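Beneath this line is the structure, given in structure tokens, with notes to follow.
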Amino acid sequence: MNYPSRVKIIDVGPRDGLQNEKQPVPTEVKLGLIQRLEDAGLKEIEVTSFVSPKWVPQMADNAQVMHGLRRKPGVRYSVLTPNMKGFEAAVAAPREEWPDEIVVFGAASEAFSQKNINCSIAESIERFAPVVAAAREKGIAVRGAMSCTVGCPYEGEIAPERVRMLAGLMKDIGVERVDVADTIGVGTPRKVQAALEATLAHFGVDHISGHFHDTYGQALANTLASLELGVWNFQSSSAGLGGCPYAKGATGNVATEDVVYLLQGMGIETGIDLDKLIDAGAYISEALGRKPASRAATAILNKRAA
Ligand code: HMG
Ligand code: MG
């Protein structure tokens, strides 16, 4: 099997990971996590979202997070912006505090679109279009997240055709690259490959990333299945943090530590220092009062303690 020789990981822990936390997480702690991820060699970090604080209270400190970033050169900082209001808030600060990339987030499931962003898929595209145009006009990159590309908590299994349609709509409005997300972690390798192949109808393989939640323990298998198709961009959360407040029961993203362990073992370059990554995961886990949800981190921390 011909696997890609290198992989880029976007750590989405500070956003996807923390958005679902019930306990308050101080901005300082979020910044501490981001800094440790930078130190570990992450080149892309999804740091916050400009969504309604009524819907996702944990991200209400978005402007403070952007203000507090120390901005390591060569690192891309992205944020979620669901509409013009969110985009305008993201660029209300001085230019040096703008995100490098914004993410519009749609769903392949009509029901999930309604629950998550309170509008239909068609309406979401109408809302995203001016956001994408405004971002590109300002020289900000644009990514599109596609939720529920394999299964939906409300509609059940999602046909690849729905993913193909959504990817086409994203492409039409000028989205530059897309995330194929298994929001509730129900996917298995062939189904994930079908969702990726549907996306490949509109985006080149270099512009597609895999975003897998590990609810059913399939995320690493799905990562490997994606590598088989040549996909080399992935999203994960340090310490396996996370879940979406509008996808009940879904657990966190696949742990970045586990993905990096897998890739290192396969001789695939990531540019990430696993030991420092373990430190980042241990830091946020301790702040949250729990153990990292990462098998590799647990094994390595046990070894360190011995
Ligand atoms: P809405 O209620 O339909 O919006 O929410 P609206 O335009 O009718 O406005 C209602 C109120 O919200 C108004 O305030 C607006 O100003 C305010 P009021 O007049 O009542 O005081 N508002 C905003 N405030 C702050 N920032 C904004 C904003 N927009 C409106 N951007 C909205 C629509 C999209 C805002 C809402 O549904 C929302 O915030 N949803 C958040 C969804 C979310 O963050 N979900 C989690 C992230 S997605 C995810 O995790 C999946 C992903 O990881 C991939 C995967 O795994 O699948 C990406
Ligand atoms: Mg997610």
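We count residues from 1, following the sequence as given. Everything numeric here is computed off the predicted structure, so don't read it as measured data. Order of listing sets the numbers, starting from 1, for every ligand and every atom in it.
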Pair Arg36 + Asp11, salt bridge at N-O below 4.0 Å: no

Atom 14 (O) of ligand 1 protein-contacted, heavy-atom criterion under 4.0 angstrom: no

Proximal candidate to atom 46 (C) of ligand 1 [heavy atom criterion; set His211, Gln58, Gln19]: Gln19

Sub-4.0 Å atoms of ligand 1 with respect to non-hydrogen atoms of Ala181: 54 (C), 55 (C), 56 (O), 57 (O)

Validation row: Ser238, Pro14 side chains within 4.5 angstrom (heavy atoms): no

Over 12 foreign heavy atoms within 6.0 Å of CZ, Arg6: no

Arg295, CZ atom: more than 12 neighbouring heavy atoms under 6.0 Å: no

Which segment of Arg15 sits under 4.0 Å of ligand 1 when only heavy atoms are counted: side chain

Within-cutoff protein neighbour (heavy atom, under 4.0 Å) for atom 57 (O) of ligand 1: yes

Charged N-O contact under 4.0 Å between Asp275 and Lys303: no

Pi-cation contact, Phe50 with Lys85 (under 6.0 Å, within 45°): no

Close-contact set for ligand 1 against Ser147 heavy atoms, below 4.0 Å: 51 (C), 54 (C), 55 (C), 57 (O)

Non-hydrogen side-chain atoms of Asp100 and Glu44 separated by less than 4.5 Å: no

For Asn116, atoms of ligand 1 separated by under 4.0 Å from a heavy atom: 37 (O), 40 (N), 41 (C), 42 (C), 43 (C), 45 (N), 46 (C), 48 (S)

Geometric N/O contact Val51 with ligand 1, under 3.5 angstrom: yes

Any Met59 heavy atom less than 4.0 Å to ligand 1: no

Which of the ligand 1 atoms, numbered from 1, are nearer than 4.0 Å to a heavy atom of Asn118: 1 (P), 2 (O), 3 (O)

Greater than 12 external heavy atoms within 6.0 Å of Lys276's NZ: no

Subset of ligand 1 atoms that lie under 4.0 Å from at least one heavy atom of Asn83: 27 (C), 28 (C), 29 (N), 30 (C), 31 (N), 35 (C)

Lys/Arg-Asp/Glu bridge criterion (N-O < 4.0 Å) met for Asp179, Arg143: yes

Over 12 foreign heavy atoms within 6.0 Å of CZ, Phe203: yes

Between Asn62 and Thr48: side-chain donor-acceptor atoms closer than 3.5 Å: no

Heavy-atom protein contact below 4.0 Å for atom 54 (C) of ligand 1: yes

Beyond-backbone contact of Glu161 with Arg164, side-chain heavy atoms, under 4.5 angstrom: yes

Heavy atom of protein closer than 4.0 angstrom to atom 4 (O) of ligand 1: no

Any Ala250 heavy atom less than 4.0 Å from ligand 1: no

Contact atoms of ligand 1, heavy-atom distance to His213 under 4.0 Å: 56 (O)

Closest protein heavy atom to atom 23 (C) of ligand 1, given as residue, atom name and distance to 0.1 Å: Lys85 CD, 3.6 Å

Those atoms of ligand 1 less than 4.0 Å from some heavy atom in Phe50: 26 (N), 27 (C), 31 (N)

Any non-hydrogen protein atom less than 4.0 Å away from atom 11 (C) of ligand 1: no

Over all atoms of both residues, closest heavy-atom pair of Tyr246 and Trp55: OH-O, 3.0 Å

Salt bridge flag under 4.0 Å for residues Glu21 and Lys30: no

Per-atom contact, atom 31 (N) of ligand 1, protein heavy atoms, under 4.0 angstrom: yes

Mode of Pro53 contact toward ligand 1 - side chain, backbone, both, neither (heavy atoms, under 4.0 Å): side chain

Within reach of ligand 1, part of Ser52 (heavy-atom separation under 4.0 Å): both

Protein contact for atom 8 (O) of ligand 1 (heavy atom, distance under 4.0 Å): no

Per-residue contact class, Asp16 against ligand 1 - non-hydrogen pairs under 4.0 Å: side chain

Protein non-hydrogen atom below 4.0 angstrom of atom 27 (C) of ligand 1 present: yes

Vertex the Mg ion (ligand 2), rays to NE2 in His213 and OD2 in Asp16 - rounded to 10°: 100°

Heavy-atom neighbours of Arg70 CZ exceed 12 at 6.0 Å: yes

Nearest option to atom 44 (O) of ligand 1, as decided by whichever heavy atom of Ile117, Asp182, Val56 sits closest: Val56

Distance-only side-chain donor-acceptor flag, Gln193 / Glu228, under 3.5 Å: yes

Ligand 1 contacted by Lys54 (non-hydrogen, < 4.0 Å): yes

Residue-ligand contact Met146/ligand 1, heavy atom below 4.0 Å: no

